[in-house]
Novice: 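Below is one structure. I have some questions about it.
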Amino acid sequence: NIEMIMDTSGSMADNDVLNTCKDIANKFLNIVDFKNNDKVGLIDFNDISRVDNYFTNNKNSLMNSINGLTPNGETAFYDSLIDGLKQTNLQEGPKYIIAFTDGLDNKSKFTPKDVVDLSLKLNIPIYIVGLGDETSNDVLKNISDKTGGEFFKLKDVNELNDVYKNILKKTKDETVVEYVSDLNKKSSDSVKLDLNLVGNNYTGNTEFSYIPKPNNYVVNIKGYNRLKESIKDITVNKFSNIKGNYSLAFEDLSLGNPL
């Protein structure tokens, strides 16, 4: 489930940037796997944020909405991210936001902190693409980094095509692991979980703690540490000591796969 957020502020009329973005967005839709139930939503923003398409696998409907976008007004970027998070949260399965802007936010009611807080609460990564010198790069990068996404700084709008492809590949390469715990603990008790990776040539591990919540609860793990020991050593020294029902081991994954 990918929410596309597009800047339609007045500055997007300069050098025909919006029309180029629309062409690239349409090309992006051609590589989305709609036949296997991928869905895309569309939001645009200038003075306000608007939902142009709710999540759908109807490519023609999305293209019609994209082609109808026109540039005008100022920039309420953070408001559009909040709307995107709320819309994306209604979907089942993996969820991501891809947002594009060419300028500073000068109209939003919400703040970058509001965006980060809601993203972490809903566990939805935000990928942001900034074009030109008018974007607040540090702020945008901070949002992406803290929410588990990535920030891309472009000098030329035509680079957007490769960026969209790169982001789609990243979202497709993620590994999602679900498990049902039989822990009978109070909701205030913290649970420690170990993740261990065993590949053909590499090993890795990470550990973290969280407080369980009722029903389905998603924990976002941003990465794991490369281990210097050989596979034989790590298998003997670490995996043989794992006991209980709350450790997970991953096999046949290459180092670098997100967990």
Novice: Mind checking what makes ring-ring contact (aromatic ring centres under 6.0 Å, His included) contact with Phe28, not counting sequence neighbours?
Specialist: Tyr164
Novice: Drop me the distance from Leu131's CG to Asp102's CG, to the nearest 0.5 angstrom.
Specialist: 6.0 Å
Novice: Could you check whether the rings of Tyr127 and Tyr96 sit parallel, tilted or perpendicular, using 30° and 60° as the cut-offs?
Specialist: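 Tyr127 vs Tyr96 ring planes: tilted.
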Novice: Answer yes or no: are there more than 12 heavy-atom neighbours, outside Asn15 itself, under 6.0 Å from its atom CG?
Specialist: no
Novice: Is there a side-chain contact between Leu29 and Phe34 in this structure, where contact means two heavy atoms from C-beta onward sitting under 4.5 Å apart?
Specialist: yes
Novice: Could you walk me through whether Asp44 and Arg50 satisfy the salt bridge (charged side-chain N to carboxylate O under 4.0 Å, His left out) test, starting with their C-alpha distance in whole Å, then the side-chain angles of each, then the deciding distance to 0.1 Å, before giving a yes or no?
Specialist: CA-CA 5 Å; Asp44 84 278; Arg50 288 171 294 273; 2.6 Å; yes
Novice: Would Ser61 and Asn53 satisfy side chain to side chain donor-acceptor pair (under 3.5 Å), going step by step from the backbone distance to the final call?
Specialist: CA-CA 8 Å; Ser61 175; Asn53 263 95; 3.0 Å; yes
Novice: Where the side chain of Asp145 meets the backbone of Thr147, is there a donor-acceptor pair that is under 3.5 Å apart?
Specialist: no
Novice: Residues two or more places apart in sequence or in another chain: which of them pass salt bridge (charged side-chain N to carboxylate O under 4.0 Å, His left out) with Lys22?
Specialist: none
Novice: Only pairs at least two apart or in different chains count here, so list each salt bridge (charged side-chain N to carboxylate O under 4.0 Å, His left out) that has a residue in residues 60-69.
Specialist: none
Novice: Which residues pass the side-chain hydrogen bond (donor to acceptor under 3.5 Å, both in side chains) test with Asp114, sequence neighbours left out?
Specialist: Thr111
Novice: Using atom types as modelled and distance alone, determine if a side-chain donor or acceptor of Asn1 lies under 3.5 Å from a backbone N or O of Pro94.
Specialist: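 Looks like yes, one N/O pair under 3.5 Å.
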Novice: The criterion is salt bridge (charged side-chain N to carboxylate O under 4.0 Å, His left out); which residues satisfy it with Lys39, sequence neighbours excluded?
Specialist: none
Novice: Check whether any side-chain N or O of Asn142 sits under 3.5 Å from a backbone N or O of Asp138 as a donor-acceptor pair, and report yes or no.
Specialist: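 It does not hold such a pair.
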Novice: How would you list all residue pairs meeting ring pair (Phe, Tyr, Trp, His ring centres under 6.0 Å) that involve residues 48-81, not counting sequence neighbours?
Specialist: Phe45-Phe77
Novice: Do Ile97 and Leu85 come close enough that some side-chain heavy atom pair is under 4.5 Å?
Specialist: yes
Novice: Is a side-chain donor-acceptor pair under 3.5 Å present for Asn30 with Lys59?
Specialist: yes
Novice: To the nearest 0.5 Å, tell me how far Leu81 CG sits from Leu118 CG.
Specialist: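 Interatomic distance, Leu81 CG to Leu118 CG, rounded to 0.5 Å: 10.0 Å.
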Novice: Rounded to the nearest 0.5 Å, what separates atom CG in Asn26 from atom CD1 in Ile66?
Specialist: 4.5 Å
